[in-house]
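Since the structure comes first, as structure tokens, the remarks are kept for the end.
We count ligands from 1, going down the list as the structure has it; atoms in each ligand are counted the same way.
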Amino acid sequence: ENKRAINFGAGPAKLPQSVLLEAQNELLNYNGIGISVLEMSHRSSDFGKIINNTESLLRELMNIPENYKVIFLQGGGSAQFSAVPLNLIGLKGDRCADYFVTGTWSAKAAKEAEKYGRINIVHPKMGSYTKVPSSWTLNPSASYVYYCSNETVHGVEYKSVPDTKGVVLVSDMSSNFLSRPVDVSKFGLIFAGAQKNVGCAGVTVVIVREDLLGKALKECPAVLDYGVQAANASLYNTPPCFSIYIMGLVLEWIKNNGGTAAMERLNKEKSGTIYDIINGSNGFYVCPVDESCRSCMNIPFRIGKKEGDEALEKKFLDGASKLGMISLKGHRSVGGIRASLYNAVTLEDVSALAAYMKQFLKEHQ
Ligand code: PMP
């Protein structure tokens with residue numbers, strides 16, 4: 001049977017149906033040129049049009065100022081955990097940087113950065129990853145300040161941009177990229193893996209202010225050097241061509257659906273529906289995250305009791321799967337349930353989950 005599942009995966013994640021159909025339609029013969037994008041030279045004029053189109057859509061959707069470069073890289077968000085310090089930690093003489101650690105992904109980034117310099121965690125250690133800090137102390141000689149705007153595993157999302165008093169700000173936006181408007185001019189650098197909100201795995205987009213280029217440590221690999229990649233328009237080596245093409249189709253879809261402001265409205269409505277059910281469940285569904293920073297993208301919760309009743313959670317997942325709702329299992333490090341509601345997840349998808357959660361609550365509370 002050809003029926004598609006309702007995919008609540010954290011990434012790789014659901015893509016808009018129209019994007020998949022368009023890619024399918026063009027797979028064998030792109031734009032009448034007789035070959036697939038999968039078979040095309042990255043130096044061809046046809047691919048040039050694809051990458052330029054992807055970049056200009058992104059510039060338009062995010063209102064990216066002229067003095068920022070957009071580059072498309074391989075290696076995932078994880079390669080950026082190294083690339084960021086390799087490029088930026090030498091901005092000031094001391095080779096040190098400030099990190100906010102609010103979940104798995106910023107913790108990993110900080111650990112990787114320690115290979116290249118002195119890393120200062122700017123707030124008291126979080127006992128659990130359930131909120132963002134409300135106060136912090138920055139190190140005046142830090143080359144940059146780093147934070148993850150949405151922690152995919154823990155469901156912790158910053159609702160505003162931390163003020164770094166002018167120090168270069170770097171953000172991992174992998175899991176909430178283009179889910180809401182962002183003022184790019186507040187950042188030195190933004191990066192995001194595509195496989196959650198803007199496409200498929202293989203490409204990571206980096207938006208970097210021009211004055212930060214050309215300052216990489218001498219041991220920085222050329223493929224990770226933002227200056228080298230920007231000077232070569234992301235074609236220093238073979239880029240992930242097909243992933244860049246898919247990103248272009250997704251960006252077109254976002255544009256046709258009202259851009260980031262419309263995405264934000266929809267994402268608030270979607271996540272609000274699920275959080276309302278959790279809040280109204282009398283402790284049957286438990287989301288540990290502080291209400292002030294609950295993610296609109298990834299909603300982690302436990303069932304039955306605070307630390308989760310695993311048998312009940314398994315029953316929930318099995319029942320969901322029978323209804324065609326998949327990839328709701330929490331990250332292996334935290335257990336429980338996680339519903340990821342990226343841009344491509346529709347209100348109808350969320351209504352189906354909401355109805356199931358209400359039914360399950362009625363039957364088991
Ligand atoms: N940052 C965040 C916020 C993520 O969610 C992930 C992956 N889930 C990564 C970085 C790492 O991305 P990748 O697996 O593409 O290296």
Side-chain angles (χ1 to χ4, degrees), residues 7-15 71-87 99-115 119 126 129-132 144-159 161-162 169-180 182 187 189-208 221 223-224 239-240 242-244 246-247 250 267 271 289 293-300 327-335 338-345:
N7 183 359
F8 293 104
K14 183 177 178 180
L15 286 165
I71 47 188
F72 301 99
L73 299 176
Q74 307 206 38
S78 302
Q80 295 310 308
F81 296 166
S82 321
V84 165
L86 280 162
N87 281 273
Y99 276 67
F100 287 88
V101 173
T102 51
T104 299
W105 294 108
S106 47
K108 278 196 152 184
K111 188 157 185 285
E112 188 66 20
E114 277 170 7
K115 294 178 182 171
I119 301 306
M126 300 278 170
Y129 294 134
T130 55
K131 54 174 184 281
V132 303
Y144 62 89
V145 180
Y146 179 106
Y147 79 108
C148 175
S149 68
N150 184 67
E151 286 285 357
T152 322
V153 173
H154 293 88
V156 174
E157 184 173 35
Y158 286 77
K159 301 300 174 185
V161 178
L169 181 60
V170 174
S171 185
D172 173 1
M173 295 194 184
S174 293
S175 53
N176 65 354
F177 198 57
L178 291 176
S179 70
R180 58 182 186 182
V182 164
F187 296 86
L189 183 143
I190 293 167
F191 72 85
Q195 69 268 28
K196 296 151 198 314
N197 251 346
V198 285
C200 61
V203 63
T204 303
V205 59
V206 174
I207 302 166
V208 55
V223 289
L224 293 182
F242 196 75
S243 303
I244 292 169
I246 295 288
M247 189 190 285
V250 174
N267 290 327
S271 56
V289 182
C293 52
R294 287 184 170 178
S295 171
C296 287
M297 298 278 97
N298 312 98
I299 305 182
S327 299
L328 282 162
K329 201 171 174 10
H331 190 270
R332 60 190 187 282
S333 63
V334 294
R338 173 175 51 174
S340 295
L341 312 179
Y342 297 122
N343 287 348
V345 173

Worksheet item: What class does the angle between the rings of Phe187 and Tyr147 fall in, given that below 30° is parallel, 30 to 60° is tilted and above 60° is perpendicular?
Response: parallel
Worksheet item: If we ignore angles and hydrogens, is there a donor and acceptor under 3.5 Å between the side chains of Asn150 and Ser175?
Response: yes
Item to complete: Considering only non-hydrogen protein atoms, determine which one is nearest to atom 1 (N) of ligand 1 and report residue, atom name and distance to 0.1 Å.
Response: Asp172 OD2, 2.6 Å
Practice prompt. Using a cut-off of 6.0 Å, state whether more than 12 heavy atoms not belonging to Lys111 lie near its atom NZ.
Written response: no
Discussion item. Regarding atom 16 (O) of ligand 1: of the candidates Ala79, Pro12, Ser78, which has the closest heavy atom?
Written reply: Ser78
Worksheet item: Where is the nearest protein heavy atom to atom 8 (N) of ligand 1: which residue, which atom, and how far?
Response: Lys196 NZ, 2.8 Å
Item to complete: Look at the aromatic rings of Tyr146 and Tyr99 and report parallel, tilted or perpendicular, splitting at 30° and 60°.
Response: parallel
Fill in: Considering all heavy atoms, the nearest Glu112-Ser82 contact
OE2-OG, 3.1 Å
Worksheet item: Hey, is ligand 1 close enough to Gly77 that some N/O pair sits below 3.5 Å?
Response: yes
Worksheet entry | Step-by-step side-chain hydrogen bond (donor to acceptor under 3.5 Å, both in side chains) determination, Glu151 to Ser106 | CA-CA 8 Å; Glu151 286 285 357; Ser106 47; 2.5 Å; yes
Worksheet item: Which of the atoms in ligand 1, numbered in the order shown and given with their element, are less than 4.0 Å from a heavy-atom of Gly76?
Response: 15 (O), 16 (O)
Fill in: Where ligand 1 meets Asn150 - atom numbers and elements under 4.0 angstrom, heavy-atom basis
3 (C)
Worksheet item: Looking only at heavy atoms of Gly193, does any of them come nearer than 4.0 Å to an atom of ligand 1?
Response: no
Worksheet item: Can you list the atoms of ligand 1 that are under 4.0 Å from a heavy atom of Cys148?
Response: 3 (C)
Worksheet item: Does the side chain of Asn176 come under 3.5 Å of the side chain of Asn197 through a donor N or O and an acceptor N or O?
Response: no
Response to the item:
Quick note on ligand 1: atoms under 4.0 Å from a heavy atom of Thr152 include exactly 2 (C), 3 (C), 4 (C), 5 (O)
Discussion item. Once you restrict to heavy atoms under 4.0 Å, what part of Gln195 touches ligand 1? Side chain, backbone, both or neither.
Written reply: side chain
